[in-house]
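Taking it in order: structure first as structure tokens, then the write-up.
Letters A, B, ... are given to chains in the order of the sequence lines, protein chains preceding strands, and every chain is numbered from 1.
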2 protein chains.
Amino acid sequence: MGRLPAKTASPGLATKLDRGVLPTLLGYVLRRAQSAVFANFASTFATAGAALTPGEFGLMVLVERNIGLSQMALARALGIDRSTLVPILDRLQARGLLVRRHSPTDGRTHALALTPSGGKALARFTRLVGAHEKRIASSLSTAEIRTLIRLLEKVRADARSV
Amino acid sequence: MGRLPAKTASPGLATKLDRGVLPTLLGYVLRRAQSAVFANFASTFATAGAALTPGEFGLMVLVERNIGLSQMALARALGIDRSTLVPILDRLQARGLLVRRHSPTDGRTHALALTPSGGKALARFTRLVGAHEKRIASSLSTAEIRTLIRLLEKVRADARSV
DNA sequence: GATAATTTGTTTGATCCCCAAACAATCTCC
DNA sequence: GGAGATTGTTTGGGGATCAAACAAATTATC
């Protein structure tokens, strides 16, 4: 792919382009970092021959740690609509990683759980995520990572409180 | 909305739910912060009666600061495929904010530019983004914001370099 | 200078995420 | 027991994303 300046004739962009205020905007920087991290996650899993999105990983962890979770509770924990969750669970269930059991106490709800195969897969996924985490913070000290996480939590709280 | 414990009968989640390792994962915290910031952006603009996404704002800034930009150059700057850009530009153009001019020097490319109305709108949008930025970092000092942006840039670089 | 290769913008097709509204089944509350 | 709320699902409507194919136009090659 043409990575060289390529002598862009007119709308002069051989020269670096001007991003104006964008690099000083937290929202902009956050979005770009998130996008790069997402791409890294995808490539980490693709390289390992596994297919999983960050959202699916979070979902599986939540289901494993909270056996019998209902779809409503899970949707709330994930911050998405319950109707959005349905096709995601369908896919995970079709892959044999997760099951919707009948709740013995409430006929409306499903009791979610990982299958044995799902549990084993999650263990593997967790190792991959560990490697991914190391990569995306390879130039940060552990103190910096702690600081970053702390500041991000504050931003999240600030953003939500309006 | 039912914020009270609500006596969740069985799949016991009146108690806080267990997020396992998730809160220690940078990717997870980043994703949640980004999502909250995005929601705040949307509500800021909705409240002001304006309709714009963070991506559209970034795009408009780039076009204003780099007059005559081609779609390819813009797509590359945004990190998206050129085919993804087409419907986004269509919408902005339909709103009268932006035009695709014929490049005088290269018949293949379009020279993008904001319309006068688009320029005025961007000025207003920029003020809204400023207010939004203040809100999402209201509990952070300016030094903390600088630190956060610096660390996020490092993460982005780390994530990309693999 | 003529032909081949590349670049650009667009269309089409495929996933995916998201929400809102409506619906049947089920539960809770009075 | 009946009214009202909750749960999971379906349907409908936006978008975002990429990949592949194409025509038009520009470069590169000979």
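Both B:Leu140 and B:Ile136 are assigned to one and the same hydrophobic cluster, defined by single-linkage of ILVMFWY side chains at heavy-atom distances under 4.5 Å. By the criterion of side-chain heavy atoms lying less than 4.5 angstrom apart, applied directly or through intervening Ile, Leu, Val, Met, Phe, Trp or Tyr residues, A:Leu128 is grouped together with A:Met60 in one hydrophobic cluster. Following chains of ILVMFWY side-chain contacts shorter than 4.5 Å, one can reach A:Val29 starting from A:Ile145, so the two form part of one hydrophobic cluster.
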Report each atom pair, protein N/O against N/O of nucleotides 8-12 of chain D, whose distance is under 3.5 angstrom.
unit_1	atom_1	unit_2	atom_2	d
D:dG8	OP1	A:Gln71	N	3.0
D:dG8	OP1	A:His110	N	3.2
D:dG8	OP2	A:Met72	N	2.6
D:dG8	N7	A:Arg82	NE	2.8
D:dG8	O6	A:Arg82	NH2	2.9
D:dT9	OP1	A:Arg100	NH1	3.3
D:dT9	OP2	A:Gln71	OE1	3.1
D:dT9	OP2	A:Gln71	NE2	2.7
D:dT9	OP2	A:Arg100	NH1	2.8

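When heavy atoms are screened at a 4.0 angstrom cut-off, B:Leu85 is found touching no nucleic acid atom at all.
Counted by atom type alone, B:Gln71 and B:Arg100 present one or more donor-acceptor pairs between their side chains at under 3.5 Å.
Remark: of the listed residues B:Ile88, B:Ile80, B:Leu69, B:Ile88 is the sole one forming a side-chain contact (heavy atoms from CB on, under 4.5 Å) with B:Leu59.
Rounded to an integer number of Å, the gap from CZ of A:Arg95 to P of C:dC16 is 10 Å. For A:Ile80 and D:dT7, the CD1 to P distance is 15 Å, given to the nearest whole Å. With rounding to whole Å, B:Phe38 atom CZ is found 17 Å from D:dG14 atom P. Spacing between atom NE2 of B:His102 and atom C1' of D:dT26 amounts to 16 Å, rounded to whole angstrom units. The distance from atom CG of A:Leu92 to atom P of C:dC17 is 10 Å, rounded to the nearest whole Å.
Atom OG1 of B:Thr44 and atom CD of B:Glu133 lie 10.0 Å apart (nearest 0.5 Å).
Residues A:Gly79 and A:Gly107 both approach DNA chain C. Their nearest nucleotides, taken by heavy-atom distance, put A:Gly79 toward the 5′ side.
Classification of B:Glu56 and B:Arg91 as a salt-bridged pair holds, one side-chain N sitting under 4.0 Å from a carboxylate O.
At least one side-chain nitrogen or oxygen of B:Arg91 sits closer than 4.0 Å to the OP1 or OP2 atom of D:dA16. Applying the 4.0 Å criterion to OP1 and OP2 of C:dC19, one finds that A:Thr84 has a side-chain N or O inside that range.
B:Phe57 and B:Phe45 have their aromatic ring centers separated by at least 6.0 angstrom.
Taking every heavy atom of residues 45-65 of chain A and every atom of DNA chain D, no pair lies under 4.0 Å.
For B:Arg31, there are no side chain to side chain donor-acceptor pair (under 3.5 Å) partners two or more places apart in sequence or in a different chain.
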